[in-house]
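Notes to accompany the following structure.
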Amino acid sequence: MLIYNSPRGTSDYYGEDIKYIDFITDTAKNIFKIYNYKEIITPHFEHTEVFTRSIGENSEIVQKEMFTFPDKKGRSLTLRPEGTASVVRAIVEHKLYGENLPLKLFYIGDMFRYERPQKGRMREFRQVGIEAIGSDGPSIDAEVIWMINNFFKNLGFKNLLLYVNSIGCRECREKYIEILEDYLKPFGKDLCHDCVNRLDKNTLRVFDCKTSGCKKILENAPKISNYLCRKCEIHLRKVFGLLKVLDIPYVHAENLVRGFDYYTRTIFEVISTDIDSAQNALGGGGRYDNLIEEFGGPKISSIGFATGLERTMLLMKDLDIDIEEPGKNQKKIYVINMSADFDEYLFGILKFFRQNKIICDTNFNIKNVSKEIKWAQAQGYSHIVVIGENEVDTNKLIIKDLDNYTQTELNWINEKSRLLKLLR
RNA sequence: GUGAGAAUAGCUCAGGCGGUAGAGCGCAGGUCUGUGGAACCUGAAGUCGCGGGUUCGAAUCCCGUUUCUCACCCCA
């Protein structure tokens, strides 16, 4: 009888899921290495302020989605809802910016957000993310997008759409927000309840509104692209120019804004056009030019990106994207023991195989041989060996190749090299 | 946080307007005492998510609860 479920919004992963998770993380590590990124591991919880200050007091995440708890001495701690804040905290704490910049880091780990769960949206979920610290030029933006694009390509995705926008630097954004507010205020009660709130606290986020009334009003709203300062304008154009050189399809999404306060200038999202769901965003990121300074570090600019592991996995399954399992073509031997009387002999063989790094297993419960063979085939073993009276008496083994329907008989004591050649 | 639907065997699901719990796949055994993906036969497995209520009797009706799913919200 089931007494406990895993808590709401958490999940156990095993079997097939592990293959996907390994494939996604291995693919990420391989591609990040090619672009010279190094791994960083940070704690799963931080002082609450690390998140409230960076993500923003008025953001959804801080307002209602954080797992915050006091420790035994009453200090407020929070399970990380995203990766960037922790990485930046670590960089400033250890003065990692003292190295040759940009400092390129990646992380893979669990994040926590107290939300109403849905498919592809969990309370505990994994993110794969990167941060490039210490370059304010558009070329690093383009390289980050380039790498992300390659990451999804290597996973096997085809129909991806890249949304790119600039929300300007602190100065031009502030000016733009004033202009936007002037435009929106006269509409007053025509705006939905949420947007009235946003107008007050986080004006840019009105662009996330999905109500048709607000959407209509926003159609004619002033676009930030017309109000970027000269430097921000040049920056964005250069990013677009480099994306064209790289042949990466993108859309200038002028209504794209993002949920964290720390973003400046370039922001982007990767969307799958193959999936018709609210959870179609595979990942997102952007530039944050002030965050390191706000954490007590020097004034250096950075850019980062994060993608959801579970969401990526779900989408790969939905789209029937095959994964290359590492070692899929490696030979695997199933040794069928016919009787517990031969256990000593069997263990001698298993010991020899395993010392020689041959993947093998055996039946620990004695069963009908033909059923064992069927099972071994279904499990993807490449060879079987049966241990019975004949083998024990003569040291001869019959190696059956399950893929080619062939079999080889040899004396495994006298012909060890021949045996190994066959199985490696 | 709001609204809606769902939960039955390991898996996918049927059934049900109250009267002994079903199928397919999988699992186990056999036909078959040592060799191929098959076929056939047999079998095990469930307090019908959990708790309470109504009733002679609840998997079925009612209430609560947990989890999942969907739409909001937001995001990965």
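Computed from a predicted structure; not experimentally measured. Every chain is numbered from 1 and lettered A, B, ... according to where its sequence line falls, protein lines coming before strand lines.
With C1' as the reference atom, B/rU42 and B/rG52 are 42 Å apart, rounded to whole Å. Nucleotides B/rG43 and B/rU54, compared at atom C1', are 40 Å apart to the nearest Å. Taking atom P on both B/rA14 and B/rC72, the two are 26 Å apart, rounded to the nearest angstrom. One P atom belongs to B/rC70, the other to B/rU60, and the distance between them is 27 Å to the nearest Å. The P atoms of B/rG34 and B/rG10 are separated by 33 Å, rounded to the nearest whole Å. Separation of the P atoms belonging to B/rC17 and B/rC13 is 23 Å when rounded to the nearest angstrom. Nucleotides B/rG49 and B/rC41 have their P atoms positioned 32 Å apart, rounded to a whole Å. Taking the C1' atom of each, B/rG22 and B/rC61 are spaced 22 Å apart, rounded to whole Å.
Across B/rC73, B/rU35, B/rU67, the shortest atom-to-atom separation from the side chain of A/Ile384 is found for B/rU35. Candidate nucleotides B/rG37, B/rG36, B/rG1 were compared by shortest atom distance to the side chain of A/Lys374, and B/rG37 ranks first. Counting only heavy atoms from C-beta on, A/Glu115 has its side chain closest to B/rA76 among B/rG34, B/rC73, B/rA76. The side chain of A/Asn390 approaches B/rG34 more closely than any other nucleotide in the set B/rG34, B/rA76, B/rU69. Out of B/rA76, B/rU67, B/rC73, the shortest distance to the side chain of A/Arg258 is found at B/rA76.
Contact annotation for A/Phe305: no contact, since no heavy-atom pair falls under 4.0 Å across all strands. Among the protein residues, A/Glu310 comes within range of no part of the nucleic acid, since none of its heavy atoms lies under 4.0 Å from any strand. Among the protein residues, A/Gly129 comes within range of no part of the nucleic acid, since none of its heavy atoms lies under 4.0 Å from any strand. Counting non-hydrogen atoms under 4.0 angstrom, A/Ile61 reaches nothing in the nucleic acid. At a threshold of 4.0 angstrom between heavy atoms, the contacts of A/Met122 include nucleobase atoms, whether or not backbone atoms are also involved. Residue-level contact check: A/Asp403 touches neither bases nor backbone, having no heavy atom under 4.0 Å from any strand. Residue-level contact check: A/Gly388 touches the bases, meaning some heavy atom is under 4.0 Å from a base atom.
Distance, A/Ile366 CD1 to B/rA28 P: 14 Å, rounded to whole Å. For A/Leu397 and B/rG34, the CG to P distance is 17 Å, given to the nearest whole Å. What separates CD of A/Glu16 from P of B/rU12 is a distance of 14 Å, to the nearest Å. Rounded to whole angstrom, the span from the CD atom of A/Glu65 across to the P atom of B/rA76 amounts to 10 Å. When the P atom of B/rC27 is taken as reference, atom CD of A/Glu372 falls 11 Å away, rounded to whole Å. The interatomic distance linking A/Trp375 (CH2) with B/rG37 (C1') rounds to 15 Å, in whole Å. With rounding to whole Å, A/Lys400 atom NZ is found 11 Å from B/rG37 atom P. Distance NZ (A/Lys119) to P (B/rA71): 10 Å, rounded to an integer number of Å.
When both distances must be under 3.5 Å, the Watson-Crick or G-U wobble mate of B/rC13 is B/rG22. With a cut-off of 3.5 Å on both pairing distances, the Watson-Crick or G-U wobble partner of B/rU69 is B/rA4. Across all strands shown, nothing is found opposite B/rG36 as a Watson-Crick or G-U wobble partner with both distances under 3.5 Å. When both pairing distances are held under 3.5 Å, B/rG51 makes a Watson-Crick or G-U pair with B/rC63. With a cut-off of 3.5 Å on both pairing distances, the Watson-Crick or G-U wobble partner of B/rC27 is B/rG43. The nucleotide B/rA58 finds no pairing partner, because no Watson-Crick or G-U wobble arrangement with both distances shorter than 3.5 Å includes it.
A donor-acceptor contact under 3.5 Å is formed by the side chain of A/Arg113 with the base of B/rA76. Within 3.5 Å, no donor on the side chain of A/Glu269 pairs with an acceptor on the base of B/rA76, nor the reverse. A donor and an acceptor atom never sit less than 3.5 Å apart when one is taken from the side chain of A/Arg116 and the other from the base of B/rC68. If you check distances only, the side chain of A/Glu391 does reach the base of B/rG34 with a donor-acceptor pair under 3.5 Å. With hydrogens and angles left out, the side chain of A/Lys371 and the base of B/rG36 share no donor-acceptor pair within 3.5 Å.
Here the shortest heavy-atom pairing between A/Val257 and A/Ile167 reads CG1-CG2, 4.4 Å.
A salt bridge between A/Glu294 and A/Arg170 is present, with a side-chain N of the basic residue lying under 4.0 Å from a carboxylate O of the acidic one. Salt bridge status for A/Glu310 with A/Arg126: present, with a side-chain N to carboxylate O gap under 4.0 Å. Between A/Lys19 and A/Asp26, none of the side-chain N atoms (NZ, or NE/NH1/NH2) sits under 4.0 Å from a carboxylate O, so this pair counts as no salt bridge.
Taking 4.0 angstrom as the limit, A/Gln118 places none of its side-chain polar atoms (N or O) nearer than this to OP1 or OP2 of B/rC68.
Both cation-pi conditions hold for A/Lys317 and A/Tyr20: the charged atom is under 6.0 angstrom from the six-membered ring centre and inside a 45 degree cone around its axis.
For the pair A/Ser370 and A/Gln377, both in contact range of RNA chain B, the more 5′-proximal nearest nucleotide belongs to A/Ser370. Each of A/Tyr405 and A/Ser6 was assigned the nucleotide of RNA chain B with the nearest heavy atom; the assignment lying further toward the 5' end belongs to A/Tyr405.
Within the 6.0 Å centre-distance limit, the rings of A/His252 and A/Phe240 are counted as a close aromatic pair.
Sparse packing is recorded around CD of A/Glu49, with 12 or fewer heavy atoms of other residues, nucleotides or ligands lying under 6.0 Å away.
Note on ring orientation: taking the six-membered ring where Trp is involved, the planes of A/Phe67 and A/Tyr114 are perpendicular (angle over 60°, cut-offs 30° and 60°). Classified by interplanar angle (parallel below 30°, tilted 30° to 60°, perpendicular above 60°), the ring pair A/Phe45/A/Phe69 is perpendicular.
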